[in-house]
Chemist: 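Pasting in a structure now, in structure tokens, and then I'll have a few things to ask.
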Amino acid sequence: MSARHYASLTGPDVRIRSGAATHVGRVRDHNEDSLIAQGRVYAIADGMGGHAAGEVASQIAVQCLGELNTREHVRSEDIVALLRRTNTEILESAARHPEQTGMGTTVAGLTVVDAGGAEHWIVFNVGDSRVYRFLGNRMSMVTQDHSEVREMVDAGLITADEALRHPLRNIITRSLGTEPGPTADVWVFPPHPGERFVLCSDGLSNEIDDRTIMVALQKYDDPQVAADALCMAAVEAGGRDNISVVVVAFDADEDDNDEADTAPRHTLMPT
């Protein structure tokens, strides 16, 4: 598979396919996750809060992100600003409806931005929902969890395997619906033909390991089939939380031009 990147994410020789699946799991009585896989906006939101408020917060998040499909051009700054406005809208909804007090949501997503005169992917996250990238038969986690156990792993206090079973594994350090608003992490990079992305709530990543996710991407070309298989694997592994998965596949002709190969790569640090 070519490692060259591509000039555009639109056009007759470009195809973006996606599939999405969500499941309440085996323990929870309702699903607080929301997702969007529409147009060129793909995102997972994992809601939290009592009295059915978690799904309100997560739904506000995906509705706000869906507005990006109405814009002709999107910059990375627009994503950061939109997430800040989403945080405000969640707080305002809770102020109008006291039963929603304390609600919040994580969010992790993928969309397209203009950068350096070419279209690039942008990955963003707040909280512990994740985005994985698969290219050239290798998979890596693009996002970094904003969680207590992640900080302990980074500090060398526990191992990654211990984090999976640690009693604080569900404690997150950033979420939407807080005052002051959280800082979103964003990464901008050029598209590569053949790459695949998996977006998921922690209901998936806490039940199955990264290798299982990668094997599903290798086994199933159809993003919907891959999303359904991953969701069911998490249910069968225990299903202790709501599970949501979005799989995105980018396919393009290989005869991209030289100008495409000189498009810049940007990595935006948290703002």
Chemist: Near E148 CD, under 6.0 Å, is it more than 12 heavy atoms from other residues, nucleotides or ligands?
Modeler: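 Yes - once you tally the heavy atoms of other residues, nucleotides and ligands closer than 6.0 Å, there are more than 12.
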Chemist: What verdict does the side chain to side chain donor-acceptor pair (under 3.5 Å) test give for S58 and S34, after you've listed the backbone C-alpha separation in whole Å, the side-chain angles of each residue and the deciding distance to 0.1 Å?
Modeler: CA-CA 5 Å; S58 66; S34 297; 2.8 Å; yes
Chemist: How long is the straight-line distance from CD1 of I213 back to CE of M141, given to the nearest 0.5 Å?
Modeler: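 Here the rounded value is 9.5 Å.
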Chemist: Please report the shortest heavy-atom distance between T106 and S129, naming the atom on each side.
Modeler: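 Shortest heavy-atom contact: OG1-OG, 2.7 Å.
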Chemist: Would you say the side-chain atoms of T22 and N31 include a donor-acceptor pair closer than 3.5 Å?
Modeler: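 Yes, N31 and T22 have a side-chain donor paired with an acceptor closer than 3.5 Å.
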Chemist: Work out which heavy atom in V131 is nearest to a heavy atom in A108; give both atom names and the distance.
Modeler: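 Nearest pair, atom of V131 first, then A108: CG2-CB, 4.0 Å.
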Chemist: Just by distance, with hydrogens left out, do Q218 and N137 show a side-chain donor and acceptor under 3.5 Å apart?
Modeler: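 Side chains of Q218 and N137: pair found under 3.5 Å.
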Chemist: Do M48 and V27 sit in the same hydrophobic cluster, where Ile, Leu, Val, Met, Phe, Trp and Tyr count as joined when their side-chain heavy atoms come under 4.5 Å apart?
Modeler: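 Looking at the clustering, V27 is in a separate group from M48.
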Chemist: Does the side chain of S244 pick up a donor-acceptor pair with the side chain of D33 at under 3.5 Å?
Modeler: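 The answer is yes; a qualifying pair exists.
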Chemist: Can you find a heavy atom in the side chain of N87 that is under 4.5 Å from one in the side chain of P182?
Modeler: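 N87 reaches P182 side chain to side chain.
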Chemist: Heavy-atom count around Y132 OH within 6.0 Å, excluding the residue itself: above 12?
Modeler: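 Correct, the count exceeds 12.
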Chemist: Is it true that a side-chain atom of D128 and a backbone atom of I172 form a donor plus acceptor pair closer than 3.5 Å?
Modeler: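 Judged by distance alone, no pair lies under 3.5 Å.
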Chemist: N170 vs D202, test: side chain to side chain contact (heavy atoms under 4.5 Å, CB included). Steps then yes/no.
Modeler: CA-CA 9 Å; N170 294 323; D202 66 340; 3.9 Å; yes
Chemist: State, with a plain yes or no, whether a side-chain heavy atom of F250 is found less than 4.5 Å away from one of V14.
Modeler: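 Sidechains of V14 and F250: in contact.
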Chemist: I'd like to know if R85 and E92 make a salt bridge, using a cut-off of under 4.0 Å between side-chain N and carboxylate O.
Modeler: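 Salt bridge flag = no for E92 with R85.
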Chemist: In the structure I gave you, are the side-chain heavy atoms of F134 and M214 within less than 4.5 Å of one another anywhere?
Modeler: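 When only atoms from C-beta onward are counted, M214 and F134 do touch, with a gap below 4.5 Å.
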Chemist: Check this for me: R211, atom CZ, are more than 12 non-hydrogen atoms of other residues, nucleotides or ligands nearer than 6.0 Å?
Modeler: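 Incorrect, the count does not exceed 12.
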Chemist: Give a yes or no on whether a salt bridge exists between R40 and E119, defined as a side-chain N under 4.0 angstrom from a carboxylate O.
Modeler: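 Between E119 and R40 there is a salt bridge, with a charged N closer than 4.0 Å to a carboxylate O.
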Chemist: Tell me whether D185 is salt-bridged to R174, with the criterion being a basic N under 4.0 Å from an acidic carboxylate O.
Modeler: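 Counted as a salt bridge, because a side-chain N and a carboxylate O are separated by less than 4.0 Å.
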Chemist: Any donor-acceptor pair under 3.5 Å linking the side-chain atoms of T212 with those of D209?
Modeler: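 Looking only at side-chain atoms, T212 and D209 do form a donor-acceptor pair, the distance falling under 3.5 Å.
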Chemist: Would V74 and D114 satisfy side chain to side chain contact (heavy atoms under 4.5 Å, CB included), going step by step from the backbone distance to the final call?
Modeler: CA-CA 6 Å; V74 178; D114 298 325; 5.9 Å; no
Chemist: Decide whether V245 and V107 are clustered together by the hydrophobic rule: side chain heavy atoms of Ile, Leu, Val, Met, Phe, Trp, Tyr closer than 4.5 Å, transitively.
Modeler: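 No, V245 and V107 fall in different hydrophobic clusters.
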Chemist: Check for a donor-acceptor pair, side chain of T159 on one end and backbone N or O of E162 on the other, with a separation under 3.5 Å.
Modeler: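 Yes: the side chain of T159 pairs with the backbone of E162.
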Chemist: Is it the case that the side chain of H120 and the backbone of A118 share a donor-acceptor pair, with hydrogens and angles ignored and the cut-off at 3.5 Å?
Modeler: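 Side chain of H120 to backbone of A118: a pair is present.
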Chemist: S93 and I90: side chain to side chain contact (heavy atoms under 4.5 Å, CB included), yes or no, with the steps?
Modeler: CA-CA 5 Å; S93 180; I90 292 171; 5.8 Å; no
Chemist: Any side-chain heavy atom of L9 within less than 4.5 Å of one from W121?
Modeler: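 In short, these two side chains touch, coming nearer than 4.5 Å.
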Chemist: Apply side chain to side chain contact (heavy atoms under 4.5 Å, CB included) to the pair L217 and V247, showing each step before the final yes or no.
Modeler: CA-CA 9 Å; L217 295 177; V247 177; 4.0 Å; yes
Chemist: Which value, rounded to the nearest 0.5 Å, describes the distance between T111 atom OG1 and I36 atom CD1?
Modeler: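 Spacing of OG1 (T111) from CD1 (I36) equals 9.0 Å.
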Chemist: Is there a side-chain contact between R17 and V248 (heavy atoms, below 4.5 Å)?
Modeler: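 They are not in contact (no side-chain heavy atoms under 4.5 Å apart), so the answer is no.
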Chemist: Is there side-chain contact between C231 and D228, with at least one heavy-atom pair below 4.5 Å?
Modeler: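 C231 vs D228: side chains apart.
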Chemist: Heavy-atom distance under 4.5 Å between the side chains of L110 and I122, does that happen here?
Modeler: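 No, their side chains stay 4.5 Å or more apart.
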Chemist: With the threshold set at 4.0 Å, does a side-chain nitrogen-carboxylate oxygen contact exist between D221 and R196?
Modeler: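 So D221 pairs with R196 through a salt bridge.
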Chemist: If you define the side chain from C-beta out and look only at heavy atoms, does anything of E77 sit under 4.5 Å from V80?
Modeler: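 When only atoms from C-beta onward are counted, V80 and E77 do not touch, as no gap falls below 4.5 Å.
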